[in-house]
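A short worksheet on the structure shown next.
In this chain, numbering begins with 1 at the start of the sequence shown. First listed ligand is number 1; within each ligand, the first listed atom is number 1. Here the structure is a predicted model, which is why all the values come from computation and not from measurement. What you see below is based on every heavy atom in this structure, not just the backbone, and it leaves out hydrogens, waters and symmetry mates.
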Amino acid sequence: MSEIQRNEQNVRRRVLLVEDEAINQKILSLIIQRKYDVICAGNGRQALDILAENHNTISLILLDLKMPEMDGFQVLEEIQKSHDLRRIPVIVMTSDEASEIRCIEEGAADFMPKPYDDPKLILARCNRAIVRAEDRILINESEHDQLTGLYNRLFFLQYAKQHDRYSRNDSMDAVVINVNRFRLINSLYGRSYGDRILKTVGGLIREYLDQQKNGIACRCESDTFYIYMPHSSSHEKFAGDLIEKFDRTIENSRISLRIGIYEYADQSIAVEQRFDMAKTACNKLRATYTSGYNLYDSMLHEKELYNEKLIMEMDRALAEKQFKVFYQPKYRITGDKPELVSAEALIRWIHPEFGIISPGIFISLFEANGLLQKLDQYVWNETAVQIRKWKDGFGRTIPVSVNVSRTDIYDLDLEKKLKSIVDSNGLATGELLLEITESAYTDNTRQIIETVNNLREMGFKVEMDDFGSGYSSLNMLSSLPIDALKLDMQFIRNITRSPKDYNLLLIMLQIAKFLNVPTVAEGVETREQYEMLKKAGCDIIQGYYFSKPVPPEDFEKLFDKEWDQ
Ligand code: C2E
Ligand code: MG
Ligand code: MG
């Protein structure tokens with residue numbers, strides 16, 4: 001027994017009887033009235049007029065075919081065209097078998113032969129048609145979202161899976177549409193306005209799919225819509241049309257849509273996941289205030305996954321000592337021959353799966369996630385331990401610089417932490433050099449000047465890293481407390497080829513002279529660069545020309561070379 005029968009079995013249904021011959025109308029009415037209320041129409045025209053007024057209360061139509069003014073076929077045709085009438089089942093009364101095929105094509109639910117059957121049979125036919133139609137409505141309602149008439153999420157996903165089972169080879173696109181800042185719209189303009197927006201989006205999606213004659217859609221959550229449709233080569237047109245029609249209907253420039261498209265969706269992964277990808281593309285547009293669309297980029301996604309993995313694994317990698325400090329020598333070039341004076345500590349991640357990962361990849365990741373401070377402290381510690389070992393083993397100090405990142409400057413305990421590291425290794429503060437990138441100085445000038453002043457008072461030497469890549473003003477530079485300027489390697493790269501770059505280098509060297517601090521050039525790769533820098537008056541150089549950053553055991557060989565001579 002269906003839900004409706006159970007809930008509403010005592011409610012009398014209404015049947016519209018469309019029959020032009022008075023005697024037939026009379027006989028049938030009498031039979032039908034035993035169980036239903038009856039309204040009669042004498043021809044097709046009258047029937048449509050009654051339906052226009054009463055379609056909500058009519059549960060069944062009994063339709064004669066041959067009638068004056070408008071025949072049964074025309075009535076059937078009109079019913080099929082109308083969204084409101086289509087749900088009402090029609091039983092066609094005919095004695096002509098040939099008409100039956102056409103009636104089925106026009107959507108008739110059943111037939112009743114003329115002359116009429118046994119009254120019990122007639123009532124049974126009526127009952128069956130009504131129950132079937134009402135069941136169908138119930139199913140339809142549970143599959144669809146009330147507000148927009150699109151599928152709900154559950155059924156949508158089922159139909160998408162069903163599609164894949166039967167049409168595996170079709171190229172499909174997964175599309176996600178979202179209303180920007182919908183919650184705000186709801187609270188600003190009220191819920192019913194919000195509903196209007198959603199209905200508009202739903203209506204436009206349905207209109208599009210009707211035109212395509214293919215594809216399904218649902219309202220997934222409050223303001224998120226999913227579409228699963230055959231691949232369209234002109235996303236621009238699809239998204240552009242949808243957005244344009246939306247803007248025209250809503251006429252409120254503050255309300256916009258974002259559309260994410262995952263084209264050629266990979267059918268070997270779960271449907272839900274395919275839509276997650278479209279959602280990723282969609283959410284890339286989150287910050288924008290205008291409508292737009294974005295295609296999912298699998299390379300980008302893989303990179304995101306990779307980054308996520310690195311972040312997740314960072315703690316364990318630290319505990320397992322997967323991070324190794326490499327050392328790159330710095331040579332003073334002011335004398336007759338280059339002299340090894342210090343080194344820079346540069347971190348490497350020896351990853352069990354990905355091999356050596358360079359800091360260029362993970363430093364900015366960790367910075368954004370607040371993990372960098374932990375890593376930096378690890379490097380400072382390892383470096384201090386190493387300086388101590390070399391000091392003990394070779395009888396002299398090789399000062400090593402460590403990188404202090406922007407986020408470290410905000411740590412109120414920075415000075416204390418650094419001091420405790422040098423103290424616990426029995427080093428003087430001057431033996432652990434600190435590099436702070438120029439951009440940190442421009443970020444928060446007051447704070448950094450204070451921190452650097454404190455550090456220098458404690459005896460630390462501070463070098464400004466990547467000089468020339470930030471936006472320091474001459475004015476600011478002259479008040480900066482620093483011990484050396486490290487020129488950014490982009491200025492060194494082309495000095496032998498570009499007179500402009502060479503002149504820039506000369507200017508920077510002049511600035512250093514004006515500040516009365518030595519200069520370090522990094523990224524020196526060739527003999528020409530080295531000679532040019534020497535001639536220009538640069539003090540110290542670091543770069544592949546002398547050595548790449550190497551593990552401590554290899555670095556020791558440089559000592560041997562240096563001190564044996
Ligand atoms: P940086 O501090 O400016 O370090 C210099 C970078 O230049 C290093 O890259 C070094 O390997 C590279 N380099 C040195 N000589 C040459 C050369 O001749 N040619 C070229 N093409 N490159 C050269 P690396 O090790 O990949 O580090 C990149 C950046 O990552 C560093 O730039 C630094 O900002 C950051 N970093 C490295 N280790 C740490 C660390 O322990 N903590 C923090 N906060 N940052 C670090
Ligand atoms: Mg550095
Ligand atoms: Mg640098």
Restricting to heavy atoms, the pick from A521, S547, P359 nearest atom 36 (N) of ligand 1 would be P359
Please name the atom of D465, restricted to N, O or S, that is closest to the Mg ion (ligand 2). OD2
Metal-centred angle, OD1 of N403 through the Mg ion (ligand 2) to OE2 of E344, rounded to 10 degrees: 90°
Please collect all ring-ring contact (aromatic ring centres under 6.0 Å, His included) contacts where either partner lies in residues 475-516, sequence neighbours excluded, each pair once. none
Contact check: E522 to the Mg ion (ligand 2), N/O/S below 2.8 Å: no
SB check E382 K321 (cutoff 4.0 Å): yes
Please verify the inter-ring angle class for W390 with F559; under 30° counts as parallel, over 60° as perpendicular, anything in between as tilted. perpendicular
Please confirm if an N, O or S atom belonging to D466, backbone or side chain, lies less than 2.8 Å from the Mg ion (ligand 2). no
Pick, from Y378, Y544, F323, F326, the option with the minimum heavy-atom distance to atom 22 (N) of ligand 1. Y544
Compute the minimum heavy-atom distance from E344 to ligand 1 and say whether it is under 4.0 Å. yes
contact_flag R348 ligand 1 heavy-atom lt 4.0 Å: yes
Using a plain distance cutoff, I'd like to know if I347 has any nitrogen or oxygen under 3.5 Å from a nitrogen or oxygen of ligand 1. yes
Would the F354 and Y306 ring centres measure less than 6.0 Å apart? yes
Is it the case that ligand 1 has an N or O less than 3.5 angstrom from some N or O of E522? yes
Centre-to-centre under 6.0 Å for F323 and F362, is that the case here? yes
Of all residues at least two apart in sequence or in a different chain, which pass the side chain to side chain contact (heavy atoms under 4.5 Å, CB included) check with D170? H163, S167, M172
Test of ring centre spacing under 6.0 Å for Y151 and F156: no
Y545, any N or O under 3.5 Å of ligand 1 N or O: no
For L305, does the CG atom sit with more than 12 other heavy atoms under 6.0 Å from it, leaving out its own atoms? yes
Taking only non-hydrogen atoms of Q542, do any sit less than 4.0 angstrom from ligand 1? no
Test your reading of the model: is there a side-chain donor-acceptor pair from D466 to the backbone of D488, 3.5 Å cut-off? no
Within 4.0 Å of some non-hydrogen atom of M489, the atoms of ligand 1 are 6 (C), 7 (O), 12 (C), 13 (N), 20 (C), 22 (N), 23 (C)
